[in-house]
Peer 1: 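I'd like to ask some things about the structure below.
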Amino acid sequence: MATKEQQDIDPFTAMESLREALAEVGVVLPSLVVDAASPQLRLVDLGRVRADVAARLADALRHPAGTSESP
């Protein structure tokens, strides 16, 4: 069951926030949309991406901007 905090988050705002954050690290998810089929669930559909985009996204999550990788 979703918490009250989760229920209060607007999926369109969340989607745009994610889109902006991804753009800052050079990642574009072309299929990023709010799932209109289940509005009560407030789902954001990340869609499909090419393998190179998935690799860049993984790298951005592992090494956020401003952090350095330790040997």
Peer 1: Restricting to side chain to side chain contact (heavy atoms under 4.5 Å, CB included), what partner residues turn up for V27, sequence neighbours left out?
Peer 2: L22, V25, L29, V53, R56, L57
Peer 1: Honestly curious: do F12 and I9 fall in one hydrophobic cluster under the side-chain, below-4.5 Å linking rule?
Peer 2: no
Peer 1: Looking only at heavy atoms, what is the nearest atom pair of P30 and V49, with distance?
Peer 2: CD-CG1, 4.3 Å
Peer 1: Please tell me whether L61 and L32 are part of a single hydrophobic cluster in this structure, the criterion being side-chain heavy atoms less than 4.5 Å apart.
Peer 2: yes
Peer 1: At their closest point, which heavy atom of D45 faces which heavy atom of G47, and how far apart are they?
Peer 2: OD1-N, 2.9 Å
Peer 1: Show which residues join L41 in its hydrophobic cluster (side-chain heavy-atom contacts under 4.5 Å, direct or indirect), or state none.
Peer 2: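 Noted: L41 shares its cluster with L43.
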Peer 1: If you measure from CG on D10 to CE on M15, what distance do you get to the nearest 0.5 Å?
Peer 2: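 The CE atom of M15 is 9.0 Å from CG of D10, to the nearest 0.5 Å.
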